[in-house]
Amino acid sequence: MTDDDDPFNKRKAKILKVLCEFTKEPEIPLTDGGTHADLASTIAFLLAKKEKSSPVKIAQNITQEIENNPDFKMLGIRTEAKGPYINFLFDTSYLTEYLKAAVLPGYGSLPKKMVRIVLEHTSANPNGPLHVGHIRNSIIGDTLARAFCKAGFRLEVQYYVNDMGRQIAIVIWGFDNLDSTRHEGEKEDAHIARVYIAANRELEHDPSITQQVDNLMQRVEAGDPATVKKFRKEVSRCLDGFAVTLKNLNVAHERFVWESDFIRNGDTKRVIGRLKKLPQAKEEGTLALDLTECGFEKEYVIRRSDGTSVYAARDLAYHVWKAANFDRIIDVLGADHKLIGGQLICTLRLLGEKAPEIVHFEFVSLPEGSMSTRAGKFVSADDLITEVTKRAYDEVTVRRPELDDTARKAIAKSVALAAIRYDIVKVSPEKSTVFDWNEALNFERQSGPYIQYAHARACSILKKAGTFSEEYELETEQEIALARQVAKFPAVIEKVIAELRPHLLATYARELADTFNSFYHFEPVLKSEGKVRNRRLTLVKAVQNTLQESLETLGIDAIRTM
RNA sequence: GGGCUUGUGGCUUAGCUUGGACAUAGCGCCGGGCUUCUAACCCGGAUGUCGGGGGUUCAAAUCCCCCCAGGCCCGCCA
């Protein structure tokens with residue numbers, strides 16, 4: 001479905017055109033009518049001043065003049081003045097158009113585009129397991145990725161592996177100098193965290209170790225083969241651990257890009273060469289940029305006085321590479337990266353390169369304070385998954401004792417994933433949150449399982465119904481309210497990718513489930529007869545499909561029974 | 001100290017970019033509903049100075065200014 005033949009947009013455009021022609025105003029206010037109407041205009045307020053008349057009268061006048069417009073008749077648009085507001089109410093014909101699309105697979109997909117997007121998310125340092133803060137990044141990123149795919153974009157999702165940072169050097173020092181035997185059954189990333197935490201403890205007692213860590217960092221930047229090999233080995237093991245966690249979260253990356261590759265292939269050197277030539281460059285031992293023109297007071301250091309590069313230099317090289325290979329660059333980063341993200345964008349612009357669009361999300365903390373891998377203060381994603389799955393299994397066992405263990409486990413796994421992903425994605429990214437076990441383990445309303453449940457209900461009805469002939473004439477208030485909700489879906493996908501805000505989809509899916517549950521309790525489907533039965537079944541099918549598409553875009557299994 | 005950001009019923013939260021008609025929902029609380037399409041559900045009720053103050057406007061949770069409180073950032077770390 002393209003924008004022009006979208007049933008809602010088509011009507012909106014027509015109303016705008018008519019109002020514009022009649023009032024001669026360049027800007028016509030036309031907003032969502034809420035419970036009053038499909039669309040509403042407050043143009044009367046605007047004209048009241050100019051015409052020195054009351055908004056109520058003006059609204060009445062305009063309504064009288066335009067209500068009989070033949071195009072309005074054809075499109076099923078009714079106009080009414082309600083006080084100073086001009087309301088536009090659509091008859092059910094536009095809903096029919098949506099429902100016909102909504103019963104088909106792929107509802108909500110937008111036309112294919114040639115734009116290539118690279119989306120980077122998660123990119124956590126490989127010095128310990130992913131925790132509940134990191135997976136906010138993963139889930140926002142993965143949901144965005146799914147939304148972009150649904151919206152027809154060509155997409156590559158990348159994980160930027162920081163394999164040459166100080167943290168990794170500390171890990172390597174730990175493996176070299178401390179008892180670092182892996183415990184039986186211990187996951188790779190948990191093992192690395194244990195060594196990392198122990199090494200940090202040593203570092204606190206004995207600051208002279210810092211020198212040894214610095215040494216490791218210099219050797220790895222110089223490309224010393226034995227050191228590089230050691231770094232690679234432990235980082236790879238940590239990534240193996242991440243892979244398990246990410247798979248359990250239904251999160252996928254197409255490519256892992258290693259930071260050190262940008263040293264080895266000369267890209268970092270090349271970008272530093274280009275930066276040196278900028279008028280903003282200052283070379284006095286260090287190489288730094290003066291970014292005051294972008295509002296940054298502090299200098300942006302690119303190269304240390306000992307000649308080694310800092311993170312910023314490698315990150316610039318990475319982004320120059322992305323810019324060369326993709327049309328759009330999107331990064332999902334924590335709020336702590338706001339300043340350096342701004343500096344990165346500013347610098348890329350100075351170089352004449354494409355700059356990334358950055359989605360920032362605020363931090364997740366624990367009730368006792370902020371999380372820290374170094375201090376061992378975090379709730380790992382693995383622990384979260386284990387606990388939520390256990391809880392889900394107990395719940396399924398109580399509700400569906402007749403199912404065999406395999407079936408119950410499969411449902412529990414999907415329910416747990418839904419609970420975790422939804423709980424995280426539903427909150428606006430700009431809000432900092434405190435991790436709460438009670439919330440995480442709650443499967444009631446405003447949860448992922450709640451939406452899955454509505455979907456399973458719809459599936460159950462359709463299964464019992466067997467075949468039926470589709471019928472699109474709607475009658476009752478509940479039916480219309482539900483169809484209206486279904487109709488919003490393509491616009492929601494559009495908005496999610498336009499504003500880079502995946503939580504809008506979470507809100508939408510919950511509202512659709514709410515409306516369906518209400519319908520379910522008031523309007524019998526299988527017990528009604530003839531045309532009524534058919535049109536309600538058609539509606540249930542549309543809801544089922546829309547919920548399925550919504551859930552899949554949220555990375556949640558649309559299970560058919562639970 | 002400077003910058004960014006958040007503040008919405010007891011708790012959590014939508015709406016804020018694009019100002020408009022009774023501020024969205026959940027948890028908890030009170031009262032109802034399972035021999036009836038899956039009760040992970042539904043219906044009804046109580047609970048709000050939209051952090052505080054000022055301003056713009058016919059109209060402010062939404063825009064502007066000041067203040068208060070929390071979070072994050074301000075490294076030749078990543």
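As the structure is a prediction and not an experimental result, all values here were calculated from the model. As a basis for the values below, the full set of heavy atoms in this structure was taken, side chains included, without hydrogen atoms, waters or symmetry mates. Residue numbers start from 1 in every chain, and the chains themselves are labelled A, B, ... in the order their sequence lines are given, proteins ahead of strands.
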Using the 3.5 Å cut-off, write out each protein N or O paired with an N or O of nucleotides 60-63 of chain B and the distance between them.
none

- Please list residues of residues 514-526 of chain A whose heavy atoms come under 4.0 Å from any atom in RNA chain B, ordered by number; otherwise none. Asn517(A), Ser518(A), Tyr520(A), His521(A), Phe522(A), Glu523(A), Pro524(A), Val525(A), Leu526(A)

- Walking RNA chain B from its 5' end, the first of Met562(A) and Ser309(A) to be reached, judged by nearest nucleotide, is Met562(A)

- Whole-angstrom distance between C11(B) and U5(B), as gauged at atom C1': 22 Å

- Item | Whole-Å C1' distance, C67(B) and C27(B) | 33 Å

- Task: Kindly indicate whether the side chain of Val379(A), heavy atoms from C-beta on, has any atom under 4.5 Å from the side chain of Trp437(A).
- Result: yes

- Query: Looking at Ser428(A), does any N or O in its side chain come under 4.0 Å of the phosphate oxygens OP1/OP2 on G15(B)?
  - Reply: yes

- Message: Would Arg391(A) and Phe443(A) count as a cation-pi pair here, with the cationic atom under 6.0 angstrom from the ring centre and within 45° of the axis?
- Response: yes

- Task: Would you please name every residue forming a ring-ring contact (aromatic ring centres under 6.0 Å, His included) with Phe489(A), sequence neighbours left out?
- Result: Tyr107(A), Tyr508(A)

- Query: When you compare U13(B) with A23(B), how far apart are their C1' atoms, in angstrom units rounded to a whole number?
  - Reply: 13 Å

- Message: Under 4.0 Å, heavy atoms only, any strand: does Thr561(A) hit a base, just the sugar-phosphate, or nothing?
- Response: base

- Message: I need the CZ-P distance between Phe443(A) and C27(B), as an integer number of Å.
- Response: 15 Å

- Find out whether the Lys NZ or Arg CZ of Arg232(A) is both under 6.0 angstrom from the six-membered ring centre of Trp258(A) and within 45° of the ring's axis. yes

- Taking the P atom of each, how far is G28(B) from C64(B), in whole Å? 38 Å

- Query: Is it true that Tyr160(A) and Tyr318(A) have ring centroids separated by less than 6.0 Å?
  - Reply: yes

- Message: Could you tell me how far G44(B) sits from G3(B) if I compare only their P atoms? Round to whole Å.
- Response: 49 Å

- Message: Expressed as a whole number of angstroms, how long is the span from Tyr300(A):OH to C74(B):P?
- Response: 13 Å

- G71(B) pyrimidine/purine six-ring stacking with Phe363(A), under 5.5 Å and 30°: no

- Task: Determine the Euclidean distance between corresponding P atoms of C22(B) and A61(B); express it in Å to zero decimal places.
- Result: 12 Å

- Validate the cation-pi geometry between Arg457(A) and Tyr520(A): distance from NZ or CZ to the six-membered ring centre under 6.0 Å, angle to the ring axis within 45°. yes

- Minimum heavy-atom separation for Ala454(A) to Ala513(A), with atom names? CB-CB, 3.8 Å

- Item | All side chain to side chain donor-acceptor pair (under 3.5 Å) counterparts of Arg400(A), not counting sequence neighbours | Glu402(A), Thr561(A)

- Message: By the 4.0 Å heavy-atom rule, please label Ala335(A) as base, sugar-phosphate, or nothing.
- Response: sugar-phosphate

- Could you work out the separation of G19(B) and C58(B) based on their P atoms and round it to a whole Å? 15 Å

- Item | Heavy-atom donor-acceptor pair, Asp436(A) side chain to Asn438(A) backbone, under 3.5 Å | yes

- Message: Ring-plane angle category for Phe45(A) and Tyr85(A), please: parallel below 30°, perpendicular beyond 60°, tilted otherwise.
- Response: perpendicular

- Query: Rounded to whole angstrom units, what separation is found between the CD atom of Gln452(A) and the C1' atom of C41(B)?
  - Reply: 15 Å

- For Leu339(A) and Arg304(A), take the nucleotide of RNA chain B holding the closest heavy atom to each; which residue's nucleotide lies nearer the 5' end? Leu339(A)

- Between P of G28(B) and CZ of Arg445(A), the distance in whole Å: 12 Å

Measure all distances between protein nitrogen or oxygen atoms and nitrogen or oxygen atoms of nucleotides 7-12 of chain B, and list the pairs falling under 3.5 Å.
from  : atom 1 : to        : atom 2 : distance (Å)
G7(B) : OP1    : Lys431(A) : NZ     : 3.4

- Item | Stacking of Tyr85(A) on A21(B) base (centres under 5.5 Å, planes under 30°) | yes

- Query: Who pairs with Cys346(A) by disulfide (SG to SG under 2.5 Å), at least two apart in sequence or on another chain?
  - Reply: Cys294(A)

- Tell me: CZ of Arg510(A) to P of C27(B), nearest whole Å? 11 Å

- Task: Please confirm whether Lys298(A) makes a cation-pi placement over Tyr300(A), using NZ or CZ under 6.0 Å from the six-membered ring centre and within 45° of the ring normal.
- Result: no

- Message: For the CD atom of Glu523(A) and the CZ atom of Phe516(A), what is their distance to the nearest 0.5 Å?
- Response: 11.5 Å

